[in-house]
Student: 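Submitted below is the structure of interest, expressed as structure tokens.
Throughout, residue positions are numbered sequentially from 1 according to the sequence presented. As the structure lists them, so they are numbered: ligands from 1, and atoms in each ligand from 1. The shown structure was predicted, so the numbers you read here are calculated from the model rather than taken from an experiment.
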Amino acid sequence: MFPVGRFDPSAEERKATLLSKGSTKSSTSSVTKGNGRGRKRKSNSSEAPADVHVGGDDDVSGTESLRGPNNRTYNDDNDDTSSESSNNVAADDSDSSSVPSSDEDEETHHESTTLKVIAPSQPVSDVTRKRDKMRGGAEDTDEAIDDFDADFDVIENGAANSTTTEGQVVGGSSTRHRDAAAIRAFRLSQLPISEVASEKHWNLPPFLLKNLKEDSYEKFFPIQCMVIPDVIESERNAHIRGARDVCCHAPTGSGKTLAFVLPLLTALHNATATSANARGLHRLRALVVLPGRDLAKQVYDVFVRYAKGSNIKIGLAVGGGKKRTDLINERRSLVVETYHESYHDVRDDDGSFLRRRNGGLLESDAARTRHSFDPTSIIAALEAFDGTSRKYNGLQMSPKMGGQSAVDILVATPGRLIDHLDCTPGFTLQHLKYLVVDEADRCLNQPYQNWVGRVLEASNVSNKCNVAEYAKSPLQYAPDGRTFIIDPITHRSGAEYGLSKQIIGDEDNTNIETGLVSGMLGRPVPLRKMLFSATLTQDPQKLARLGLDNPKHYDANFLKRAAHDMTDIVDGDAKAGRYFVPEGLSERMVECTAEQKPLVLLALLLDEEQNRTVIASGEDDIGRVNLSIVFTSSIDSTHRLARLLQLLWEAGGYGQSSAIAEFSSSISAKQRAAILRRCRSSDANQRVSVLVCSDGMSRGMDLPSVSAVINYDVPVFAKTYVHRCGRTARAGREGKAISVLKGGQVSKFKKMRSLIGGGSVEKGAVKKHLIGDILPTYKACVGALQRVIDAEKNEEIFQSDPLDAAQWISSTR
Ligand SMILES: Nc1ncnc2c1ncn2[C@@H]1O[C@H](COP(=O)(O)OP(=O)(O)OP(=O)(O)O)[C@@H](O)[C@H]1O
């Protein structure tokens with residue numbers, strides 16, 4: 001409970017005076033790029049206890065917390081799981097050894113150990129080694145490359161094949177090839193988009209050229225130039241050598257979204273121009289999974305924007321609406337209504353029919369059975385091939401059958417995806433060709449109902465990856481005495497290779513007579529998987545869950561090396577697999593006591609507000625306004641801090657309380673969407689200046705106006721720090737990350753930060769004059785805060801109601 005009852009004004013005054021007397025010292029010493037040897041530090045009781053705590057990390061100091069009884073941490077996925085909730089809890093600063101000491105990972109700390117056991121040393125090309133040495137690259141550069149390459153050799157070749165009895169990895173790395181590809185990509189990123197996208201290079205479809213033009217981007221980003229042409233090209237040649245899966249690791253804000261949006265739209269456009277879609281039929285070909293609703297909506301919007309002018313339909317499955325009609329509407333948007341209306345009966349395993357109730361939903365098992373069609377029915381199997389309305393041997397094929405979908409691409413959260421797989425009649429992944437997992441490390445960490453296994457199963461690639469496996473449960477069809485193996489679940493056994501055209505499409509069945517199709521039957525169309533993240537896991541076990549097929553790795557660090565080759569810059573940081581902060585980010589840390597934190601924060605925010613005026617009036621930034629994001633460690637801290645700032649903002653005369661917004665899973669999806677809209681708005685009356693949030697906002701959210709990220713509660717994990725900081729300095733812009741640290745947290749912070757590449761953290765100070773004589777007002781606001789929280793508990797006001805500071809302060813007195 002918030003310790004308002006024990007508020008001691010004189011103690012508080014003393015502490016705040018400390019602030020005004022400049023206990024936050026200014027210095028310019030750099031603290032990062034250190035050796036990570038943070039000293040163990042016992043918490044100093046003289047620093048920690050306080051009568052007033054307004055920080056979400058109060059549990060750190062061992063005193064009462066700003067957190068309420070519901071001390072939930074905000075999970076990234078607003079609808080799915082809470083599997084990682086403990087990750088967001090501020091760590092005990094009395095023990096710096098709790099910082100992950102190896103490659104940073106908020107998931108598990110054993111990852112790198114596992115990797116080293118599997119592949120202790122991976123040969124790196126002599127050229128690379130020599131060059132790194134010449135550049136003064138330390139041994140650890142090689143070591144990182146070793147570990148990294150070893151990981152992917154393990155994935156590509158399997159652990160058993162890739163290690164000798166001595167533990168040496170065989171097969172060698174392709175570092176040189178990667179460097180060459182990176183240099184090519186780097187060069188492409190220097191050319192105008194119109195040229196790169198044209199026939200001369202990528203040959204993107206006309207609708208994409210048009211949409212790109214409207215975006216007025218000038219050049220593609222390097223990671224886009226690395227991934228996009230490669231994926232498009234390999235898709236074109238997939239029938240010859242099979243397309244490799246994709247693992248893309250590039251910093252926050254580097255443009256990864258377009259790196260999968262453009263190739264997917266191109267591939268689907270090319271594939272559908274000549275087939276079912278051209279006739280207005282759609283099948284769910286691509287699934288994009290993201291760990292949270294807001295993120296999924298953001299990516300959905302990008303797809304919609306770029307699919308404009310094509311025949312490709314995009315769907316969104318994220319839930320969030322509380323009403324039953326929301327779910328029904330979502331279902332309607334995904335499946336072809338007439339399809340499941342016309343398909344009432346399904347056969348159960350025991351042969352009995354399951355009849356769908358009129359307008360009702362099938363039980364989940366029954367729905368799944370429906371997806372597997374009736375294995376004894378030739379009609380059903382042929383329908384699974386194609387929706388073509390043709391007659392074959394007197395049988396009418398229905399154009400409404402065949403696993404049709406209302407959408408070609410679906411963007412979904414894992415939880416909602418499973419809901420649809422289980423309960424939405426007609427929803428099927430049987431035609432799935434592409435699975436994109438964005439924020440892949442987070443998504444793979446979400447075991448939610450084994451979503452990965454379910455997707456692989458539903459797309460029929462989990463167990464049946466070769467012809468022999470297919471043949472175990474074939475539907476055998478024997479026209480004219482010939483036997484064809486038809487996969488009863490998906491048309492992937494033939495249609496993509498021309499089976500449907502040859503069996504169903506040829507009126508005279510010439511191909512069947514001549515047997516031309518037989519060699520193609522039963523050959524599975526692979527599901528191409530693409531993983532994207534700024535902190536992609538290198539844990540082979542986690543990646544293996546997806547059954548990656550010969551994955552190709554795209555790492556922005558190769559680009560760094562390529563850039564350095566071309567510009568002759570020496571940078572030992574260009575390590576494969578290492579996490580980075582964006583190049584335009586400047587980092588500061590401000591040291592203070594727990595009691596000073598709220599006022600330090602206020603001063604930092606006011607400083608940003610001052611900068612805002614400058615930026616907003618700058619010629620390059622017309623209409624762009626600054627937004628500060630303040631991260632706390634839990635939902636309750638987020639709410640209380642947001643409320644306190646709202647009171648202070650108005651009582652201090654800095655602006656309306658509505659300029660401070662809260663973003664966490666404690667508010668509804670609709671409200672969050674409205675807040676995001678306000679964050680993007682340049683309307684002064686609508687605009688949000690400060691967004692207080694927990695780590696639900698830390699991943700993927702793209703708000704171009706974020707000029708500063710303030711870690712009010714410092715993150716424990718390097719990965720979290722990378723994602724939080726990545727909300728600013730996006731797309732080549734500049735941004736600031738400021739961490740507010742109590743004395744006991746400094747060494748641990750340094751240790752955590754030393755695990756991350758790029759940039760450095762300067763010690764900073766706050767501009768005390770900005771808060772002036774705020775202390776009496778602050779104390780009044782602290783008092784009013786408790787009253788506000790109580791009123792919310794009693795449901796006198798809603799959590800999201802704007803506050804009239806004067807009224808609350810006077811009612812408290
Ligand atoms: N070629 C480009 N030129 C200019 N801006 C671009 C380009 N490509 C993408 N952007 C913009 O860059 C911003 C960041 O892109 P995106 O959201 O894809 O980053 P990301 O790498 O996915 O980041 P995160 O890891 O945080 O999710 C977006 O606002 C996007 O519109």
Student: Who's the nearest protein heavy-atom neighbour of atom 7 (C) of ligand 1, and how far?
Tutor: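 Going by distance alone, atom 7 (C) of ligand 1 is nearest to F221 CE1, 3.3 Å.
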
Student: Pairs of nitrogen or oxygen atoms closer than 3.5 Å, one from G255 and one from ligand 1: do any exist?
Tutor: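 G255 vs ligand 1: N/O contact under 3.5 Å present.
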
Student: Using a 4.0 Å heavy-atom threshold (strictly under), name the region of R727 that reaches ligand 1: side chain, backbone, both or neither.
Tutor: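 Side chain only.
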
Student: Heavy-atom contacts under 4.0 Å between P251 and ligand 1: side chain, backbone, both, or neither?
Tutor: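 The backbone, only.
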
Student: Just need the protein heavy atom nearest to atom 30 (C) of ligand 1, so name the residue and atom and give the distance.
Tutor: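 Of every protein heavy atom, Y217 OH, 3.5 Å lies nearest to atom 30 (C) of ligand 1.
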
Student: Locate the shortest heavy-atom distance separating R528 from S234; write the atom from each residue and the value.
Tutor: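 Distance-wise, the nearest heavy atoms are NH2-OG, 2.8 Å.
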
Student: Give a yes/no on ligand 1: does A250 have at least one heavy atom closer than 4.0 angstrom to it?
Tutor: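 Contact absent.
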
Student: Of all the heavy-atom pairs spanning R680 and Q298, show the shortest one and how long it is.
Tutor: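 Closest approach of R680 to Q298, heavy atoms only: NH2-OE1, 3.7 Å.
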
Student: With heavy atoms only and a cut-off of under 4.0 Å, state how R730 meets ligand 1: side chain, backbone, both or neither.
Tutor: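 Side chain only.
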
Student: Closest non-hydrogen protein atom to atom 29 (O) of ligand 1, residue and atom name please, with distance?
Tutor: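 Result: D702 OD2, 2.5 Å.
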
Student: Quick check: does any side chain N or O of D438 sit under 3.5 Å from a backbone N or O of V289, one acting as donor and the other as acceptor?
Tutor: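 No.
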
Student: Counting from 1, what ligand 1 atoms have a heavy atom of K219 closer than 4.0 Å?
Tutor: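 Counting from 1, the qualifying ligand atoms are 1 (N), 2 (C), 3 (N).
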
Student: Is the closest basic N to carboxylate O distance between R724 and D695 below 4.0 Å?
Tutor: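 Counted as a salt bridge, because a side-chain N and a carboxylate O are separated by less than 4.0 Å.
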
Student: Where is the tightest heavy-atom contact between L527 and D245, given as atom of each residue plus distance?
Tutor: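 Reported closest heavy-atom pair: O-OD1, 3.9 Å.
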
Student: Tell me: protein heavy atom nearest atom 25 (O) of ligand 1, and distance?
Tutor: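 Heavy-atom neighbour on the protein nearest atom 25 (O) of ligand 1: K256 NZ, 2.7 Å.
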
Student: Should the ring pair F260 and F303 be called parallel, tilted or perpendicular, given that the plane angle runs from 0 to 90° and is split at 30 and 60?
Tutor: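 Tilted.
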
Student: So which protein heavy atom does atom 12 (O) of ligand 1 come closest to, and at what separation?
Tutor: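 Heavy-atom neighbour on the protein nearest atom 12 (O) of ligand 1: A731 CB, 3.2 Å.
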
Student: Can you check whether I193 has an N/O within less than 3.5 Å of an N/O in ligand 1?
Tutor: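 No, I193 has no N/O under 3.5 Å of an N/O on ligand 1.
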
Student: For V411 and Y300, which heavy atoms make the closest approach, and how far apart are they?
Tutor: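 That closest heavy-atom pairing would be CG2-CA, 4.0 Å.
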
Student: Any idea which heavy atoms bring L627 and V688 closest together, and the distance?
Tutor: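 Scanning both residues completely, I find the closest heavy atoms to be CD1-O, 3.4 Å.
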
Student: Could you check whether any side-chain N or O of R727 sits under 3.5 Å from a backbone N or O of M701, counting only pairs where one atom can act as donor and the other as acceptor?
Tutor: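 Judged by distance alone, yes, a pair lies under 3.5 Å.
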
Student: Could you report the tightest heavy-atom contact between G726 and P582, atom names first, then the distance?
Tutor: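 Here G726 and P582 meet closest at CA-CG, 4.4 Å.
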
Student: With heavy-atom distances below 4.0 Å as the criterion, list the atoms of ligand 1 near E439.
Tutor: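 So the answer, numbered in order with elements, is 27 (O).
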
Student: Just jot down the ligand 1 atoms closer than 4.0 angstrom to any heavy atom of T257, in number order.
Tutor: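 Taking each heavy atom of T257 in turn, ligand 1 has 16 (P), 17 (O), 18 (O), 22 (O) under 4.0 Å.
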
Student: Give the residue and atom name of whichever protein heavy atom lies nearest to atom 23 (O) of ligand 1, and the separation in Å to one decimal.
Tutor: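 Going atom by atom, the protein heavy atom closest to atom 23 (O) of ligand 1 ends up being G253 N, 2.8 Å.
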
Student: Identify, for atom 9 (C) of ligand 1, the protein heavy atom at the shortest distance, and state residue, atom and that distance.
Tutor: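 For this ligand atom, the closest protein heavy atom is Q224 NE2, 3.6 Å.
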
